[in-house]
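Down below is the structure, laid out as structure tokens.
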Amino acid sequence: MELTRTQASIATIQPRGPGTDAERRAATWLVRELRARGREAHTETHWVRPQWALTALLHAVIGIAASILSVSLPVVGLVIAAIAWLSYVLDLRGRVPLIRLLTARRATQNVISGPPHGDRQVRLVIACAYDAPPAPGATAVAAGRVQARLRRALRGHWPSGPSLLVAALTMIVAACAARTAGFHPGWLKLAQLVPTVGLLVALVLLIDIALSEPSREVDAAGAAALALELVTQLDATPPRRLAVEVVFAGAGSAAAQGMRAYVRERRRTVQAERVAVLELNACSHGAPRYWVRDGPLVPVRLHPRLIELASVLADAERQLGACPYSGRSGSAAYAARCARWPAIAVGCVDEQRVTAGRSADSRAPELALEFALGLIAALDAE
């Protein structure tokens, strides 16, 4: 199957972490592959700070230090805790980075193939990541399984890891403020100990992730392979009203920083009513899903009309098994939605949580491809 072969070809470029030489080699390969398929393609270089785990780790360390200092120096502890809280919230929102500035800058490439038919009414931007996320160690994998079980038990309402870290920092800020105001009830020490221990646990997990090498699993290349196959089929049978552009966004596993840069450079010149973003996520395991919300802190609702089209398609094509899904990450669709662009994401989700080394589901990519094509056809008919 062509899609599987493409996925395997991308996966051979290792280790494909964000901002690495391997990521740049993958970008060059994608440009050649797009041109071989009859499309023009080029790269855009952006400077990013992709060490998201190290950034979160630094905030956790500062929060722990503030909690300890507040016992003897409540004002100092309050100031430090407030800075850590504000910095991390702004970081998750993609606003002004503060503590992230202590991490190293890296160059990443966006591979962009513009629409061959530029006279269409709406530009459809098919976006995906092509870099590989870190392969977590045993500790982080175990924590991920626990978190997945909690999400299933609570029907998707369990908060993300970054949200839990923000909650811990918020509780420490509140405890420091109480100490600064001279409020010292007996239970305050215990109330402050709980988020401090939570930050210590987060510290262990983040160290595990920060020291991990990029994943070498074939799954990490699934979204890019799906995008290539999808664009190839759309070029063979072009939509009537959609000009199809594809963006392989660099540093996608690092809060979609490449896509953020793409949107930031175009948001003032591209009208929201003339663009739609379809993000493709991992598709090696599980059943097709369409994202209705996404975001690392407070998930935002993706575009209502695109969600409605996906829902109607899922009801009409029940054999695909597509269902709505609420994400908890800083994805490409989230970056586009923050710029008020219409956006939705499609991919496959394994509700049992995939473990490293598990063989891929040969049906999953085909189902995701069929659902994406159906959604694009519905959008074209709007």
Side-chain angles (χ1 to χ4, degrees), residues 3 30 33-35 37-42 44 110-130 223-249 256 259 262-263 265-281 283 288-292 294 302-314 316-317 320 322 331-347 365-382:
L3 199 156
L30 287 168
E33 184 67 18
L34 285 164
R35 290 173 178 172
R37 298 186 184 211
R39 271 187 161 258
E40 290 298 320
H42 66 279
E44 289 182 355
N110 286 344
V111 178
I112 300 173
S113 178
H117 306 285
D119 57 340
R120 305 296 169 84
Q121 295 177 11
V122 175
R123 175 172 299 195
L124 173 66
V125 178
I126 298 173
C128 69
Y130 67 93
L226 179 61
L228 280 171
E229 183 62 25
L230 179 60
V231 169
T232 300
Q233 293 201 23
L234 290 175
D235 286 347
T237 309
R240 291 186 301 165
R241 301 179 181 86
L242 300 176
V244 180
E245 177 169 309
V246 60
V247 178
F248 295 90
M259 187 63 182
Y262 172 89
V263 173
E265 289 191 350
R266 293 163 174 80
R267 62 180 302 178
R268 293 185 179 179
T269 58
V270 177
Q271 298 176 343
E273 61 271 17
R274 299 297 299 275
V275 66
V277 175
L278 172 62
E279 180 187 8
L280 300 178
N281 283 318
C283 60
R289 297 288 185 267
Y290 55 94
W291 271 240
V292 295
D294 208 3
L302 300 182
H303 196 265
R305 183 55 183 155
L306 293 178
I307 294 172
E308 184 180 353
L309 291 175
S311 177
V312 171
L313 175 63
E317 304 289 342
L320 298 178
S331 63
Y334 173 74
R337 200 69 189 112
C338 288
R340 302 184 184 278
W341 286 4
I344 195 171
V346 170
E366 291 295 330
L367 292 175
L369 176 62
E370 187 175 347
F371 186 79
L373 285 169
L375 181 58
I376 292 171
L379 176 62
D380 186 44
E382 274 288 283

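For reference, positions follow the sequence shown, starting with 1. Everything numeric here is computed off the predicted structure, so don't read it as measured data.
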Here the gap from S113 atom OG to E33 atom CD, rounded to the nearest 0.5 Å, amounts to 11.5 Å

- Query: Within the distance-only criterion (no hydrogens, no angle test), does the side chain of R241 pair as donor or acceptor with the backbone N or O of D380 below 3.5 angstrom?
  - Reply: yes

**Request:** Determine whether more than 12 heavy atoms belonging to other residues, nucleotides or ligands lie under 6.0 Å from atom CD of E265.
**Result:** yes

With V346 as partner, the option from N281, I126, L375, L369 fulfilling side-chain contact (heavy atoms from CB on, under 4.5 Å) is L375

So CZ of R340 and CD of Q271: to nearest 0.5 Å the spacing works out to 15.5 Å

Taking every heavy atom of A223 against every heavy atom of A129, the minimum-distance pair comes out as CB-O, 4.1 Å

From the list V277, L242, V246, side-chain contact (heavy atoms from CB on, under 4.5 Å) with L124 holds only for L242

Looking only at atom types and distance, does a side-chain atom of R266 sit under 3.5 Å from a main-chain N or O of Y262, one as donor and one as acceptor? yes

dist L228:CG -> C128:SG (nearest 0.5 Å) comes out at 7.5 Å

Output for pair (L3 CG, L230 CG), nearest 0.5 Å, gives 9.5 Å

All heavy atoms of P342 vs all of L306, minimum pair found to be C-CD1, 3.9 Å

Could you walk me through whether E370 and L320 pass side-chain contact (heavy atoms from CB on, under 4.5 Å), step by step?
CA-CA 8 Å; E370 187 175 347; L320 298 178; 3.5 Å; yes

Residues R37, D235: salt bridge by 4.0 Å N-O rule:
no

Looking only at heavy atoms, the pair that brings A343 and A336 closest together is CB-CB, 3.9 Å

The reported gap from CD in E366 to SG in C283 (rounded to nearest 0.5 angstrom) is 9.5 Å

message = Set out, in order, the CA-CA distance, both residues' side-chain angles and the distance that settles side-chain contact (heavy atoms from CB on, under 4.5 Å) for V244 and R39, then state yes or no.
response = CA-CA 11 Å; V244 180; R39 271 187 161 258; 3.9 Å; yes

Between E273 and V122 the two heavy atoms that sit nearest each other are O-CG2, 4.1 Å

Can any side-chain N or O of N110 pair as donor or acceptor with the backbone N or O of E44 at less than 3.5 Å?
no

For the side chain of R274 and the backbone of Q121, is there at least one donor-acceptor N/O pair under 3.5 Å apart?
yes

Interatomic distance, OG1@T237 vs CD@Q233, rounded to 0.5 Å, equals 8.0 Å

Item to complete: Please report the C-alpha distance between H303 and I344 in whole Å, then the side-chain angles of each, then the deciding distance to 0.1 Å, and finally whether the side-chain contact (heavy atoms from CB on, under 4.5 Å) criterion is met.
Response: CA-CA 6 Å; H303 196 265; I344 195 171; 6.0 Å; no

A332 and M259 have their tightest heavy-atom pair at CB-CG, 3.5 Å

Correct closest heavy-atom pair for L313 and G374 would be CD2-C, 3.5 Å

Classify the ring geometry of Y290 against F371: parallel below 30°, tilted from 30° to 60°, perpendicular beyond 60°.
parallel

